[in-house]
Amino acid sequence: MQLMASVCIWAIVMVNLARLPEVVPVLASFHVGKIVVVLGLILALATRGREMTAFFRTTPMGKCVLLIFFLGIWSIPFSVWKSGAVETFSDVSKTMLSAVVLYALSIKGREQTLRMACLGAVLLLAVLMILDKGTGRQQVSSTYDANDIALLFVTYLPILVAEALAGIKLMRPALFGGAFLALVGTALTQSRGGIVALSAVAAHTLLLAGKKRWIFLPLIALGAVVIVATADDALWERFRDVQNESDYNFTEDTGRIAIWKEGLALMGRHPFTGVGIGQFAVGLGTLGSGHFN
């Protein structure tokens with residue numbers, strides 16, 4: 001039973017986080033995602049039924065999941081495109097179910113299994129992206145765009161370093177190597193937000209490190225060298241575009257500033273009901289601008 005639970009944890013993480021059916025398209029036709037979640041659910045109900053209900057009562061994440069679930073249901077009747085909202089809600093519910101199943105299977109002795117599965121999924125994405133390096137902004141799978149994958153790498157980078165410093169010595173080379181791959185992957189995305197977030201993580205680490213700051217200073221300096229050495233000139237050009245306000249986000253109707261303004265107007269029209277879960281792009285079209293961004 002222990003082995004089966006560990007296999008389910010790894011399988012669910014690889015499907016949901018590493019997006020294996022997209023990375024290996026042949027798996028999509030076998031509905032691997034549905035199969036592993038259903039198997040995990042059966043196993044969780046059989047062995048950890050109480051833990052599944054406790055997830056919503058006792059964990060901060062569980063309360064957030066429950067809130068999103070009910071907000072999604074609330075939004076559907078008021079949606080600007082009801083069938084679209086229902087479809088999005090169905091997809092989100094599957095992700096929520098996966099989170100609950102993973103929680104139930106991984107607590108009480110299998111937390112490390114879940115952590116290693118998540119780190120393994122992120123490293124797999126980094127390796128695939130680096131091996132498939134082409135020109136321009138890099139990404140991997142159809143789920144993650146360049147900014148999404150940069151967010152994923154930056155989120156897991158400090159966890160990789162923490163595991164390397166505190167974990168088993170034999171694992172340290174692999175974990176530090178994983179952190180290096182995550183850094184290279186972040187640079188290849190050419191994500192300005194990713195670089196800003198990486199800087200924030202570094203500053204936060206130094207702020208909390210206290211007397212151990214001397215350990216992290218050389219690591220952060222080495223990380224900066226890796227980013228500068230790996231990043232394409234196009235990344236720094238993108239930063240210059242923001243600085244002189246020539247970037248499309250400042251000048252185009254499809255840029256972020258225009259969409260933010262329209263988003264605020266949309267929120268003003270529907271302050272309590274919203275426009276339906278996942279229907280922001282459709283909602284923009286109701287403003288009269290005709291933009292479906």
Quick check: are there more than 12 heavy atoms from other residues, nucleotides or ligands sitting under 6.0 Å from CD of Gln243?
no
How many angstroms lie between CZ in Arg110 and OH in Tyr103, if you round to the nearest 0.5 Å?
13.0 Å
Tell me whether Glu22 contacts the main-chain N or O of Ser142 through its side chain, where contact means a donor paired with an acceptor under 3.5 Å.
yes
Taking every non-hydrogen atom, the tightest pair across Ala150 and Thr186:
O-OG1, 4.4 Å
Using modelled atom types and a 3.5 Å cut-off, is there a donor and acceptor pairing between side-chain atoms of Arg192 and backbone atoms of Phe239?
no
Spacing of CD1 belonging to Ile215 relative to CG belonging to Leu206, to within rounding of 0.5 Å
12.0 Å
Just by modelled atom types, is the Glu111 backbone N or O under 3.5 Å from a matching donor or acceptor in the Ser106 side chain?
no
Here's a test for you: under side chain to side chain contact (heavy atoms under 4.5 Å, CB included), which of Leu284, Asp253, Leu264 qualifies with Ile259?
Leu284
Check whether any side-chain N or O of Arg238 sits under 3.5 Å from a backbone N or O of Gln190 as a donor-acceptor pair, and report yes or no.
yes
State, to 0.1 Å, how close Trp236 and Ala231 come at their nearest heavy-atom pair, and which atoms those are.
CZ2-CB, 3.8 Å
With the side chain counted from C-beta on, respond yes when Met61 and Val65 share a heavy-atom pair under 4.5 Å apart, and no when they do not.
yes
Arg240 CZ: over 12 foreign heavy atoms closer than 6.0 Å:
yes
Here the pair of heavy atoms bringing Cys8 nearest to Leu43 is SG-CD2, 4.3 Å
Once you round to the nearest 0.5 Å, how far does CG of Leu71 lie from CD1 of Ile277?
8.5 Å
Any chance you could lay out the side chain to side chain contact (heavy atoms under 4.5 Å, CB included) test for Leu188 and Ile149, step after step, and finish with the verdict?
CA-CA 10 Å; Leu188 292 178; Ile149 200 69; over 6 Å; no
Quick one: are Met14 and Leu124 in side-chain contact, heavy atoms under 4.5 Å?
yes
Gap separating the CG atom of Leu41 from the CG atom of Leu45, nearest 0.5 angstrom
4.5 Å
Verify same cluster id: Val196, Val184 (apolar side-chain graph, 4.5 Å):
yes
For Asp132 and Leu128, indicate whether the former's side chain and the latter's backbone hold a donor-acceptor pair under 3.5 Å.
no
Residue pair Tyr248 / Arg256, side-chain heavy-atom distance below 4.5 Å:
yes
As an exercise, state the distance from OH of Tyr144 to CE of Met129, rounded to the nearest 0.5 Å.
12.5 Å
Between Asp148 and Gln139, is there a side-chain heavy-atom distance shorter than 4.5 Å?
no
Within the side chain of Ser90, is there an N or O that forms a donor-acceptor pair under 3.5 Å with the backbone of Val86?
no
Looking only at atom types and distance, does a side-chain atom of Arg48 sit under 3.5 Å from a main-chain N or O of Ile107, one as donor and one as acceptor?
yes
To check you understand the geometry: which heavy-atom pair defines the closest contact between Gly62 and Thr59, and what is its length?
N-OG1, 2.9 Å
Would you say the side-chain atoms of Ser79 pair up with the backbone N or O of Ser75, donor to acceptor, closer than 3.5 Å?
no
Hey, is the main chain of Val282 close enough, under 3.5 Å, to the side chain of Thr286 for a donor-acceptor pair?
no
Tell me which one of Val15, Thr95, Leu97 satisfies side chain to side chain contact (heavy atoms under 4.5 Å, CB included) with Val37.
Leu97
Minimal non-hydrogen separation, Gly178 against Leu123, with atom names:
CA-CD2, 3.3 Å
For Leu157 versus Ala182, what's the shortest heavy-atom pair and its separation?
CD1-CB, 4.0 Å
Quick one: CG on Leu198 to CD1 on Ile227, what's the gap to the nearest 0.5 Å?
5.5 Å
Do Gln279 and Lys82 make a side-chain contact, defined as non-hydrogen atoms from C-beta onward lying under 4.5 Å apart?
no
NZ/Lys212: more than 12 non-hydrogen atoms of other groups inside 6.0 Å
no
Kindly work out whether a path of hydrophobic side-chain contacts (I/L/V/M/F/W/Y, heavy atoms less than 4.5 Å apart) joins Ile257 to Met267.
no
Would you say that Ser191 contacts Arg137 through its side chain, given a criterion of any heavy-atom pair below 4.5 Å between the two side chains?
yes
Have Asn249 and Asp247 got a donor and an acceptor in their side chains that come within less than 3.5 Å?
yes
If you count the non-hydrogen atoms of other residues, nucleotides and ligands that lie under 6.0 Å from CH2 in Trp74, is the total more than 12?
no
Would a single hydrophobic cluster contain both Ile42 and Met4, if residues Ile, Leu, Val, Met, Phe, Trp and Tyr are joined by side-chain heavy-atom contacts under 4.5 Å?
no
Do the non-hydrogen side-chain atoms of Thr230 and Phe180 ever get within less than 4.5 Å of each other?
no
Do Leu217 and Val226 land in one hydrophobic cluster if side-chain heavy atoms of ILVMFWY residues count as linked below 4.5 Å?
no
Val201, Phe153: one ILVMFWY side-chain cluster at the under-4.5 Å cut-off?
yes
Count the heavy atoms of every other residue, nucleotide or ligand shown that sit under 6.0 Å from CG of Leu170, and state whether that count exceeds 12.
no
Do Val100 and Phe56 come close enough that some side-chain heavy atom pair is under 4.5 Å?
yes
More than 12 heavy atoms of other groups within 6.0 Å of Gln112 CD
yes
